[in-house]
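First up is the structure itself, then whatever we jot down about it.
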Amino acid sequence: MIKNGHHTSNEPGIESGAKPGDLACSPEKRKRSVRVWCDGCYDMVHYGHSNQLRQAKAMGDYLIVGVHTDGEISKHKGPPVFTQAERYKMVQAIKWVDEIVEGAPYVTTLDTLDKYNSDFCVHGDDITLTVDGKDTYAEVKREGRYRECRRTQGVSTTDLVGRMLLMTKAHHSNIDNSDYQQHTDNFGKGPKGHSPWTGVSQFLQTSQKIIQFASGQEPQPGDTIIYVAGAFDLFHIGHVDFLETVYKQAERPYVIVGLHFDQEVNRYKGKNYPIMNIHERTLSVLACRYVSEVVIGAPYAVGKDLLDHFKVDLVCHGKTEVFPDKDTSDPYAEPKKRDIFRTVDSSNCLTTDDIVQRIIKNRLQFEARNQKKEAKEIAVFEAMKRQAEGEQAGDKAQAAQQPDQTSSNQIQLSQN
């Protein structure tokens with residue numbers, strides 16, 4: 001059971017990536033809120049995106065997120081999986097976001113920061129390049145209005161696409177599976193090797209990470225406790241619309257989401273589902289502003305013990321199919337018996353299956369997109385490496401000349 005609630009704290013997390021100097025500001029700035037700018041594609045939003053925004057919010061008071069259009073993404077990276085309308089709404093649902101800017105420019109400039117009264121922008125410690133291989137944050141870096149946060153290891157759009165196409169269960173426990181490795185090569189490896197910023201690594205859940213995502217608010221007197229349950233796999237706009245509809249079922253809602261274990265999800269969904277394991281799904285749901293609490297490994301049947309323990313007032317389910325329990329019984333029999341069960345219609349029929357089909361349909365495009373992206377990254381990384389080596393060689397040469405100069409001075413003094 002993880003308590004969540006709406007985000008109310010902007011205390012810097014241990015992974016905020018902020019140095020003391022970054023968070024310090026002038027007396028004038030302390031009198032007003034510090035406005036932080038983030039921007040990106042936010043395609044197939046996952047807990048890595050949410051963690052970046054959490055860290056960014058910790059560096060200030062008010063977080064503005066710019067989201068690029070489909071046209072801009074197609075020009076610089078390749079076709080997005082989700083439409084811009086879906087991506088706008090998905091980012092707005094992340095609880096650390098205060099405001100979104102639709103159609104933000106792909107290259108971040110001082111003009112953009114000034115237009116939205118932003119003190120600085122925040123990006124992860126990877127690199128974002130234009131179609132011609134230029135750093136999209138070069139201008140704001142040069143002017144000192146750029147901050148970095150740590151990239152979340154173990155998750156990327158590249159990895160998730162690979163999992164969907166692989167159609168095995170190896171991603172839950174064994175990343176060394178040979179078939180899985182083949183797909184990580186296809187999606188996270190360019191023709192000349194690996195980029196340090198694009199690729200696949202294993203996600204390791206920690207209690208600290210859960211604490212950073214959870215707010216820990218208890219239900220208050222007068223709250224309506226609403227319970228929903230499911231896989232919430234590849235947490236997407238269909239889930240967001242459903243949870244928003246659930247949230248609107250009461251004046252003071254306290255929404256508890258029960259997440260089923262991987263084995264349970266695979267029992268009723270089959271194939272290689274869930275695409276995300278229980279730890280990943282937990283963080284994805286915790287980041288949603290409509291969620292108050294998460295139960296990790298909730299029982300499939302919503303029974304008497306669960307309803308009594310959480311003092312549930314209402315149980316909701318969407319228009320999707322309700323699979324029977326292992327004994328063929330109705331998992332919602334008890335809430336129906338108590339007359340607290342309600343079917344809600346979010347008017348969004350998007351499912352995880354639909355997303356997988358989008359990926360499969362455009363498989364070759366996505367493979368090409370990721371390989372092209374990584375090829376550009378490798379070129380920039382190699383250039384940075386050569387520059388660093390050149391500077392290091394210059395420092396060594398200068399250091400070698402200093403003893404010779406010292407000896408020459410000593411000889412000159414002795415002659416005098």
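Between Tyr332 and Phe341, the ring planes lie tilted relative to each other; the angle falls in the 30° to 60° range.
What you find for Asn272 and Asn266 is that their closest heavy atoms are C-ND2, 4.3 Å. The shortest non-hydrogen separation linking Glu293 to Phe310 is OE2-CE2, 3.4 Å. Smallest separation of non-hydrogen atoms from Ser347 and Asp345: N-OD1, 2.9 Å.
With respect to Arg163 and Glu280, a salt bridge is recorded, a charged nitrogen being found less than 4.0 Å from a carboxylate O. Salt bridge annotation for Arg252-Asp223: present, with a cationic side-chain nitrogen under 4.0 angstrom from a carboxylate oxygen. A salt bridge links Arg338 with Asp308: the distance from a Lys NZ or Arg NE/NH1/NH2 to an Asp or Glu carboxylate oxygen falls below 4.0 Å.
There is no side-chain donor-acceptor pair under 3.5 Å between Thr224 and Asp313. In this structure, a donor-acceptor pair under 3.5 Å is present between the side chains of Asp353 and Tyr273. Between the side chains of Thr152 and Asn51, at least one donor-acceptor pair of N or O atoms lies under 3.5 Å. Side chains of Arg151 and Gln52: a donor-acceptor N/O pair is absent below 3.5 angstrom, by distance only.
Atom CD1 of residue Ile94 and atom SG of residue Cys38 lie 10.0 Å apart, to the nearest 0.5 angstrom. Here CG of Asp233 is found 7.5 Å from NZ of Lys269. Values are rounded to the nearest 0.5 Å. Distance check: Phe213 CZ to Lys95 NZ gives 8.0 Å after rounding to the nearest 0.5 Å.
Two residues are said to be in side-chain contact when any heavy atoms from C-beta on lie closer than 4.5 Å; Leu110 and Val140 meet this criterion. The side-chain heavy atoms of Ile225 and Tyr227, taken from C-beta on, include no pair separated by under 4.5 Å. Residues Gln357 and Asp354 have side chains not in contact (no heavy-atom distance under 4.5 Å, counting atoms from C-beta outward).
The aromatic ring centres of Tyr268 and Tyr300 sit less than 6.0 Å apart. Between Phe120 and Trp37, the ring centre distance reaches or exceeds 6.0 Å.
Partners of Phe232 according to the ring-ring contact (aromatic ring centres under 6.0 Å, His included) rule, which considers only residues two or more places apart in sequence or in another chain, are His239.
Under the side chain to side chain donor-acceptor pair (under 3.5 Å) rule, Tyr62 has a single partner from Arg32, Glu99, Lys57, which is Glu99.
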